[in-house]
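What follows is one structure encoded as structure tokens, with my remarks underneath.
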Amino acid sequence: MWDLLVRDARLATMTPGAPWGAVPGAPEAGAGVAGGALAVRDGRIAWVGLDRDLPAGAAAVRELDGGGRLLTPGLVDCHTHLIHAGSRAAEWEARLGGATYEAIAAAGGGILATVRATRAAGPERLLSLALERIGTLLAGGVTTVEVKSGYGLDLETELAMLRAARRAGALLPVTVRTSYLGLHAVPPEYLGRAERYLEMVLGEVLPAAAAARLADAVDAYCEPHAFSPAQVERLFVEAGRLGLPVKLHAEQRSDSGGAALVARHRGLSADHLEHLSPEGVAALAAAGTVAVLLPGAFLHLRESRHPPVAALRAAGVPMAVATDWNPGTSPLGSLTTAMNLGCTLFGLTPAEALAGATRHAARALGLADRGALAEGLRADLCLWNLEHPAELAASLAVPSLATRVVAGAVHHAPHR
Ligand code: NIG
Ligand code: FE
């Protein structure tokens, strides 16, 4: 007896081997597998196949009629800064008038403007912002979301951000994974003393976040105007000592060697990568580190240099796509829109974009238990009011979601 059985669905299983994934006994034919069925027991996928191959006498406590509609894994947004207060719209206006991101940051704006607003907000406000923004992502089909700190930069506010993320994960039907991003910018109280700030991060904040189990991973921003490879390396060594996996904002504005650095530390992911070199591609491939593409930031910063998608593809580097939701460079709260931009701006195929928001995104978070429709994986599912899997990335509207299933529990839309 199963807990849940979805019948007559078009399956995009996103298992490896075929663009939209395959099902035992039914090769994928370019638009997912029609006439599919999927069963759930104890929060996990217990059976996937063709409706007509269901075992005789198969029964479930609850049945969902797919009605021919598209069933996919729940979406995974593997890179966000969605906890932040304040607005940076005026900076965007200035950039439209010709100002650069670095010049705005050097004048005390940029990340530090958000740090001021976030420090002033208080924990309750941070939680309500987190709940509202995660709610927006859930309505778009997200079932797992990563949330970074990095707009507090002091002990109290960094931990408050991570706690708000954890709390939101406990209150909403979603998995929240946290990353400690202490090396995002040098805070004003350490102006001109980046090394002292690094000592504080290594000596106080990182150990406190690890001891309170508030961080699932450690991230940093490696750029000439942020932190050097040598500084990031010290952070990664310390993270390794504490048993925390690492990831990195790398090669966004320049080729600083960040991808090779994070690959050397067996990092989960290297993110952005517009300036990634051939050596960086090879390093990611050898380490099995995921390349996370963030086309929202590329668009909002009006970049012209593309990440080397063809080279990453040729080298077999798994490519994920994420929103990078943040107030300065990517105010984007829709993962399917990020998928669309990944296709239209970076040249991903629609199937690569969906793999990038499911299987590869799960891997970028170190989660081996989700991201595809396969027996034994967590039953995080989306049933869409759509027919063809490419519609998810094709649409610039929020695609119509009928039902989200999270660890086997059914949530019908609307989810806010
Ligand atoms: O992912 N690159 C650094 N961090 C963010 C931007 C943060 C900000 O400008 O507030 C990013 O693009
Ligand atoms: Fe980011």
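Ligands are counted one by one from 1 in listed order, and the atoms in each one are counted from 1 as well. Both backbone and side-chain heavy atoms feed into the values below; hydrogens, waters and symmetry mates do not.
Less than 4.0 angstrom separates some heavy atom of Tyr151 from each of these atoms of ligand 1: 7 (C), 8 (C), 10 (O). Counting atoms of ligand 1 from 1 in the listed order, those under 4.0 Å from a heavy atom of Thr329 are 6 (C), 9 (O), 11 (C), 12 (O). Atom numbering of ligand 1 starts at 1 in the shown order; those under 4.0 Å from a heavy atom of Arg88 are 8 (C), 9 (O), 10 (O). Listed by number with element, the atoms of ligand 1 under 4.0 angstrom from any heavy atom of Tyr101 are 6 (C), 7 (C), 8 (C), 9 (O). Counting atoms of ligand 1 from 1 in the listed order, those under 4.0 Å from a heavy atom of Asp324 are 1 (O), 11 (C), 12 (O). Under a 4.0 Å criterion applied to the non-hydrogen atoms of His79, ligand 1 contributes the atoms 1 (O).
Under 4.0 angstrom from ligand 1, the non-hydrogen atoms of His81 all belong to its side chain.
Ring geometry for His265 against Phe236 counts as perpendicular: the plane angle is over 60°, on a 0 to 90° scale with 30° as the lower cut.
The shell of residues lying under 4.0 angstrom from ligand 1, judged by heavy atoms, excludes Glu223. Not close to ligand 1: Thr114, with no non-hydrogen atom less than 4.0 angstrom away.
Here the angle centred on the Fe ion (ligand 2), running from NE2 of His249 over to OD1 of Asp324, is 170°, rounded to 10°. Taking the Fe ion (ligand 2) as the apex, the angle formed with NE2 of His79 and NE2 of His81 is 100°, to the nearest 10 degrees.
Within the model, atoms CZ of Arg177 and CG of Leu268 stand 9.0 Å from one another, a figure rounded to the nearest 0.5 Å.
Salt bridge status for Arg234 with Glu199: present, with a side-chain N to carboxylate O gap under 4.0 Å. Ion pairing between Arg44 and Asp3 fails under the 4.0 Å rule for side-chain N and carboxylate O.
Residues passing the salt bridge (Lys or Arg N to Asp or Glu O under 4.0 Å) test with Glu156, sequence neighbours excluded: none.
No side-chain N or O of Ser179 forms a donor-acceptor pair with one of Asp219 less than 3.5 Å apart. Between Arg404 and Thr143, the side chains place no donor N or O within less than 3.5 Å of an acceptor N or O (distance only, hydrogens not considered).
Of the protein's non-hydrogen atoms, the one nearest atom 4 (N) of ligand 1 is His184 NE2, 2.9 Å. Nearest non-hydrogen protein atom to atom 2 (N) of ligand 1 is Gln252 OE1, 3.0 Å.
Taking both residues in full, the closest heavy atoms of His79 and Thr323 are given as O-OG1, 3.8 Å, listed atom of the first, atom of the second, then distance.
Environment of CZ in Arg119: crowded, with over 12 heavy atoms of neighbouring residues, nucleotides or ligands closer than 6.0 Å.
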